[in-house]
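See below for the structure under consideration.
In the text below, chain A, chain B and the rest are named by the order of the sequence lines, each starting its count at 1.
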Amino acid sequence: MTTFGRGLLIVALLTALYAAFAALRGARGGGREWVVSSRRAIYALAAVLTAAVIVLESAFVRSDFSFGLVADNSSTTTPTFYKLTAMWSSQSGSLLLWVWVLSLFSAGVLFATKRRLREIVPWATAVLAGLATFFCALLVFKVSPFTSIANPPTEGAGLNPLLRHPSMMFHPPMLYSGYVGFAIPFAFAIGALAVRRVDAEWIRATRRFSLIAWTFLSIGILLGARWSYSELGWGGYWGWDPVENASLMPWLVGTAFLHSMIVQEKRDMLKVWNVSLIAGTFTLALLGTFLVRSGILDSIHAFGASTVGGWFLGLIAVVVAGTAALIVSRLPHLRSERRIDSLLSREAFFLLNNLVLVGLCFVVFWGTFFPLISEAVTGHKASVGPPWFDRYTVPLAVALVLLSGIGPLLAWRRVTLAQVRRLFAVPAAIALVTLAGLALFTDASSSPASLVLFTFGAFTIASVAGEFWRGIRARRLVSSEGPGTALLSVVRRNRRRYGGYIVHAGIAVVLIGVAASSAFNHQVDVRLVPGQSADVGGYHVRYLRPTSSVSNEKLAFGAVLDVRKDGKRVALLRPSRSYFPSLDMRMGPIGRFFGGESTSEVGLKAGLRRDIWTAMQPDLSALQPGIRAGNKQLANAGPKAQAFAIAFLATSYQQKSPAATFRLIVNPMVTWIWLGGIIGLGGALVALWPSALASRRRITSLYAARLGRELSRARA
Amino acid sequence: MDPHRKRSIRLAIALGVAVVLAGALIYTSFSAATEAQQPSQLLASGKQGKSYELTGTVAAGSVRHQGDVLLFRVRDRTGSASVPVRYTGEIPDPFREGREVIVKGALSNGQFVAERDSLVTKCPSKFKKKNSQ
């Protein structure tokens, strides 16, 4: 079966090469049939890669350890859900995922533009096919997901236990779909530049793909944060780790692009800026993939040094140099006649928002690559920590929240001061009331940055609510609908606008959660024995008793914690630590069950106002004599005797009333981050949902065009 | 003032602000950064009390728990020089002898006293075994 998989990849490589060749031939006047053929080749590519993914996935499901990838990342005891998702826990598997998603997106966009953008599409197809060729070549020549093992082992190494978390399994495909999705608008931007058709047509044709890509990337980032919070034992969701930053950078620039492309659509401005932004977004997406896979920066994610770094650097260099050359050579066509008329206009605020986002990206970029920069400048590798990032990103994020509340309310071209007063009087009043309330009744003023962010967040949410209210009122003036129906029809008539508003509110909620949880959390690390207790953030936590459990997959040692506030029980939490057996027999027949990978299972009581987060590290030193004795006496014993010994050790742990180190955190408003994410996702879906109105309009215009053609033909 | 001139002035101001901000960013990044050192470098030229980022692998047989304190030695990736580390705080899940780690702290009497929660352990690459061809 591995040979079949390898064969499929070779067919995919040839198909992608052919698609690129046919597209170029069609683009350079070779005739329409070449363009059609290249499109069909992309469909074929998607089909072939889908088959390759199915071959690999079915090997995972069958636990076919003659596949090297399966033996390394799965085992018979791995739950089926994790078997299905173990494909992308390895380098070659995740590269296969990348190119598979790329082929699906490419097929989708070429299907959608079948009868549109006749000049641009061939070039865009060539770019997409070129990218697919690169990744297929990587999979065929460099890192094959279909390596075979001559003498398959009876048991695989299993999935890295740290990755066994539902959000971790969806995180990579979401992130990759986001990265890859931005390839679509990028390819069409290149196509538009190549044929000098730089009006907003390419943006309109790929708008939905940009939005889908952005949505996937956002979900991916939030899932990563969620995983870090609930699976890693440190209790945070963001640590300015290079690989986290790698996913944030394309998100920031992509967000800027989503806004500035509206300016080009409506006002025919910012053309150079837009092609630069989308090229930047896609380059950063490639860089993100590269950073995870190259190991050039010290990160917990850098899975050792990798062999594909050089290839990626080459691709990034080609993308950057090619795009820059193309933009420079097309500068005369990209000039806009229009200028920004007034600083008090929507386009001016969109531009300002763009500058803040790009500024944020620059900060993140500089901090992330600082080890390399400093080594080049001073000869010493040095790095900057979270405080440095916070110093710059906090004020910029605060500014962003404010801008997201102002920009959408302003009209294009020019707004008078009187209009500004009318639009912002209520939101500003609400913001001031919030500020006064927080300053008087809470201790929020101990963190000025958070206080400002809460105030601006209230302002943004209020101004978004105001827009909805104005829309409903206007609707009810012209129709006899009730408020609920009026809301629905207003949103339905302008999905993008109202979807965008909802996203703005969602992001304000996310940032409020981030500010509250990072400024006002309480954390203690304590060592307790059963019966002892500790206080954290007004809560009284008592270590009631130790627990232990044995399953065929892992051993777990945990604790039952009684959390009380003012004497009343708030929660009973059960943090624990799981030990996955090592395959290294040198640790001894018993020792290997304790010496393998271990992961923290967090005990969490989540709430709207605060989370109570607990993790524990058991002290297993009391078990060491037993483990050593077991290693000696049971070296040649059967698995049954070993299982008995392990069960005995696990039970004796409970009786020894062992000490354990606990991390206890009271974290305010973390739930708001996830809620804000869900609100934002809802907004994105509203904006993305196919509008019946728009498709009706499209069909009408198609008919009108055909009618016009027939009429002119009849006249001639 | 004619609009063209007004625009150029605006542009100049915006560019000026951007340059100043970028300058501040770059300047502070150099002053706020912590130098990364391998144990051998630290032993040869490390200054007492100065903050460093120590990188290397956890030496075999060196990990000991002393209540809340974790004691271990960090060894050069290639070579035998090693430094004793005294660490408190959260121990990352993949932490183990032989793993690559990064830990922030300062030298004090020959011992590297780490900042709380500054230990980073790289994901094990052992999940890539050699038997697949």
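Residue A:Glu375: no heavy atom, backbone or side chain, is found under 4.5 Å from chain B. The part of A:Thr378 that comes within reach of chain B is its side chain, from C-beta onward, which places non-hydrogen atoms under 4.5 angstrom from that chain. Interface residue A:Arg527: backbone and side-chain heavy atoms are both found under 4.5 Å from chain B.
Residues of residues 25-33 of chain B lying within less than 4.5 angstrom of chain A, judged on heavy atoms, are B:Leu25, B:Ile26, B:Thr28, B:Ser29, B:Phe30, B:Ala32, B:Ala33 in numerical order.
Looking at residues two or more places apart in sequence or on another chain, you find a ring-ring contact (aromatic ring centres under 6.0 Å, His included) between A:Phe389 and A:Trp240.
Under a cut-off of 6.0 angstrom, the local environment of CZ in B:Arg86 is sparse, with at most 12 non-hydrogen atoms contributed by other residues, nucleotides or ligands.
Minimum heavy-atom separation, A:Arg577 to B:Ile91: NH2-O, 4.4 Å. When all heavy atoms of B:Glu53 and A:Ser383 are compared, the pair lying nearest together is OE1-OG, 2.8 Å.
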With a 3.5 Å cut-off and sequence neighbours excluded, list the donor-acceptor pairs that the side chains of residues 56-67 of chain B form with protein atoms.
from	atom 1	to	atom 2	distance (Å)
B:Ser62	OG	B:Ala59	O	2.7
B:Ser62	OG	B:Arg73	N	3.1

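Ranked by heavy-atom pairs under 4.5 Å with chain B, the list A:Phe67, A:Trp234, A:Trp388 is led by A:Trp388.
In this structure the side chain of B:Leu70 never reaches within 4.5 angstrom of the side chain of A:Gln617, judged on heavy atoms.
The salt bridge (Lys or Arg N to Asp or Glu O under 4.0 Å) analysis of residues 30-49 of chain B, with sequence neighbours excluded, yields the pairs B:Glu35-B:Lys50.
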